[in-house]
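Below is one structure; the comments refer to it alone.
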Amino acid sequence: MVMHQNLLRGRISERMGLAHWHKAQRQVMATGVDLVLCGHDHEESSGLLPNGAVVSTSSTHTARTRGGRPSACNLIVVDATSIAVRHYVWDASTGAFRAGPETVFPRPRVRAARAAGG
């Protein structure tokens, strides 16, 4: 699923992107999606909804980043058992993106199947 507003609290802004974020999270989780892409906070991040769905937020490629940080983008790799989110951060000295932190999350349905003994 792709949406503009972030479903998780921004680390830098320390705010939610939606006024009724609890309701939005419940509605998104009800769809059964494994991955939600967002960008509203202009900050690269990743995390989980309560049901284990991965939320990946991206920065922006303008001067409007949060906290004066460089632009960033995300590379997302999905396979049968996991979702990996790797942030790439702009390095002005080299004029290229450099690999930043990566977080690997288990796929929500795989996690649920394992918990049920499947």
Side-chain angles (χ1 to χ4, degrees):
M1 176 181 288
V2 178
M3 56 189 297
H4 176 78
Q5 303 289 353
N6 188 2
L7 288 170
L8 301 176
R9 184 174 306 280
R11 291 176 306 189
I12 295 172
S13 69
E14 297 183 1
R15 63 185 171 89
M16 299 301 290
L18 295 162
H20 303 285
W21 61 271
H22 284 300
K23 181 179 178 183
Q25 284 184 352
R26 284 192 304 274
Q27 290 174 332
V28 168
M29 289 186 296
T31 70
V33 299
D34 286 350
L35 175 64
V36 182
L37 307 177
C38 308
H40 177 74
D41 272 349
H42 294 201
E43 166 187 3
E44 70 281 358
S45 183
S46 59
L48 297 171
L49 292 177
N51 72 341
V54 175
V55 177
S56 172
T57 62
S58 186
S59 181
T60 183
H61 299 295
T62 71
R64 295 192 62 204
T65 60
R66 296 244 184 235
R69 292 176 356 275
S71 294
C73 61
N74 299 338
L75 173 67
I76 299 170
V77 177
V78 179
D79 65 25
T81 61
S82 66
I83 298 173
V85 180
R86 163 73 53 111
H87 304 298
Y88 283 82
V89 180
W90 182 254
D91 184 338
S93 67
T94 63
F97 285 95
R98 62 175 167 73
E102 178 180 65
T103 306
V104 180
F105 301 95
R107 295 279 298 267
R109 285 189 260 284
V110 173
R111 182 184 312 115
R114 286 185 181 150

Give every donor-acceptor pair under 3.5 Å between a side-chain atom in residues 16-29 and any protein atom, sequence neighbours left out.
from: Gln25; atom 1: NE2; to: Leu7; atom 2: O; distance (Å): 2.8

dist Asn6:CG -> Thr57:OG1 (nearest 0.5 Å) comes out at 5.0 Å
Correct closest heavy-atom pair for Asp79 and Arg107 would be O-NH1, 2.6 Å
Taken in chain and number order and not counting sequence neighbours, the residues that satisfy side-chain contact (heavy atoms from CB on, under 4.5 Å) with Thr94 are Asp91, Ala96
Taken to the nearest 0.5 Å, the spacing of His87 NE2 from Ser58 OG works out to 8.5 Å
Sorted by chain and number, sequence neighbours left out, side chain to side chain donor-acceptor pair (under 3.5 Å) with Ser56 holds for Asn74
Is there a side-chain contact (heavy atoms from CB on, under 4.5 Å) between Val36 and Val54? Walk through the geometry before answering. CA-CA 6 Å; Val36 182; Val54 175; over 6 Å; no
Non-hydrogen side-chain atoms of Ile83 and Asp34 separated by less than 4.5 Å: yes
Please determine whether side-chain contact (heavy atoms from CB on, under 4.5 Å) holds for the pair Leu37 and Met1, giving the CA-CA distance in whole Å, both sets of side-chain angles, and the decisive distance to 0.1 Å. CA-CA 6 Å; Leu37 307 177; Met1 176 181 288; over 6 Å; no
Exercise for the section: Output, in order, the C-alpha distance, side-chain angles, deciding distance and verdict of side-chain contact (heavy atoms from CB on, under 4.5 Å) for Ser45 and Leu8. Expected result: CA-CA 9 Å; Ser45 183; Leu8 301 176; over 6 Å; no
Tabulate below the donor-acceptor pairs under 3.5 Å that side-chain atoms of residues 97-106 make, not counting sequence neighbours, or state none.
none

